[in-house]
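Source: prediction; values computed, not measured.
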Amino acid sequence: MGTMELLKLCSIGTSKSLLYISTLAYSNQYTVNYNSIKNLRSGYTKSKLVAEVLVNRASQSGLNCCSIRCGMVGWSTETGAINTEDIWGRLLLGCLKMNCWYKDSYGMDGIPVNLLSDKICFVAKSLSVTKMPTKEIVMTGEQPLIQPHTIYQAALSCGFKLQLMEYEDWYNRVLMLPSDNPLYSITPHLPPNNPPLRFDEIGSKYYCNDQNKAEKIIRLLMRNEM
């Protein structure tokens, strides 16, 4: 309903532009099968897809609007700031509280929030002066955000005594966690056989691969928790 009301506002009086932030949860392509909503299980992805359909139709009707589909948003590469309530923050904080971490040789997927916001601002400014040539823009991390082992080493340097475990053993332990652990609410979204947030390919460069920044992220997490 919120998106519909904004579209109504943009169509009244002085011409206005609308930039809608969508998600890659239902598609990482420019073309989306909007009839696929019946196959989606999450209320979040269903609502985002419905809103994107509204924006798409408004664009076809002549309104200057555009959707940006972004993937998992990670911490800032400048400050280490992170949303403690999303899957990234809960994953890290939950592992610190349960004193164990899982093994994974792949990088973790995500796009740093400061880099994403810069791109969004650029598109928004472009949208304000010209009609966008495309109705959808896909933004993903061009390379892994960080290696799991870097987080593990940073946690040790910060004084945490984490047990390094095979992922399946770690997952089974997560299933036994009490409801006050940050991981509890995201357990249904964790894959049982392979680590979450895994980047498809191993890259040679990472947005945040140095241990000092990873330590800063961990300290910020714990400060926000206090």
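Linking ILVMFWY side-chain heavy atoms closer than 4.5 Å, directly or via other members, places L92 and Y184 in two distinct hydrophobic clusters. Cluster annotation: L54 and L9 are assigned to distinct hydrophobic clusters (Ile/Leu/Val/Met/Phe/Trp/Tyr, side-chain heavy-atom contacts under 4.5 Å, transitive). With hydrophobic clusters built from ILVMFWY side chains whose heavy atoms lie under 4.5 angstrom apart, L183 shares a cluster with L175. Both L164 and L190 belong to a common hydrophobic cluster when Ile, Leu, Val, Met, Phe, Trp and Tyr are linked at side-chain heavy-atom distances under 4.5 angstrom.
Counting all heavy atoms, side chain and backbone alike, I120 lies closest to L19 at O-CD2, 3.7 Å. Counting all heavy atoms, side chain and backbone alike, P188 lies closest to S185 at CD-O, 3.7 Å. Across all their heavy atoms, L162 and A155 have their closest contact at CD1-CB, 3.5 Å. Smallest separation of non-hydrogen atoms from C10 and S17: SG-O, 4.1 Å.
A heavy-atom distance below 4.5 Å is not found between the side chains of H189 and R90. At a threshold of 4.5 Å between non-hydrogen side-chain atoms, the residues N99 and Q163 do not count as touching. Put simply, the side chain of N64 does not reach to within 4.5 Å of the side chain of L18, judged on heavy atoms.
Under the 3.5 Å distance criterion, with hydrogens and angles disregarded, no donor-acceptor pair is assigned to the side chains of S67 and E52.
Note that the CG atom of N181 and the CG atom of L93 stand 7.5 Å from one another [nearest 0.5 Å]. Going from atom OH of Y20 over to atom OG1 of T3 covers 5.0 Å, rounded to the nearest 0.5 Å. Rounded to the nearest 0.5 angstrom, L96 CG and L91 CG are separated by 9.5 Å. Rounded to the nearest 0.5 Å, atoms OG (S76) and CD1 (I82) are 10.5 Å apart. Atoms CH2 and CG, from W75 and D86 in turn, are 10.5 Å apart once rounded to the nearest 0.5 Å. Put simply, OG1 on T187 and CE on M176 are 12.0 Å apart, with the number rounded to the nearest 0.5 Å.
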Practice problem: Kindly indicate, with the supporting measurements, whether the criterion side chain to side chain contact (heavy atoms under 4.5 Å, CB included) is fulfilled by W170 and C100. | Solution: CA-CA 7 Å; W170 176 88; C100 64; 3.6 Å; yes
Exercise. Test W101 against Q153 for side chain to side chain contact (heavy atoms under 4.5 Å, CB included), laying out the working first.
Key: CA-CA 10 Å; W101 186 252; Q153 291 295 335; over 6 Å; no
Practice problem: List the steps, then state whether side chain to side chain donor-acceptor pair (under 3.5 Å) holds for Q60 with N56. | Solution: CA-CA 6 Å; Q60 293 175 348; N56 184 285; 3.0 Å; yes
Practice problem: Decide yes or no on side chain to side chain contact (heavy atoms under 4.5 Å, CB included) for D104 and Y167, but give the supporting numbers first. | Solution: CA-CA 8 Å; D104 189 19; Y167 178 77; over 6 Å; no
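A donor-acceptor pair under 3.5 Å is formed between the side chain of K48 and the backbone N or O of I21. Remark: side-chain polar atoms of S61 are paired, donor with acceptor, to backbone N or O of R57 under 3.5 angstrom. With hydrogens and angles ignored, the 3.5 Å screen pairs no side-chain donor or acceptor of K97 with any backbone N or O of P182.
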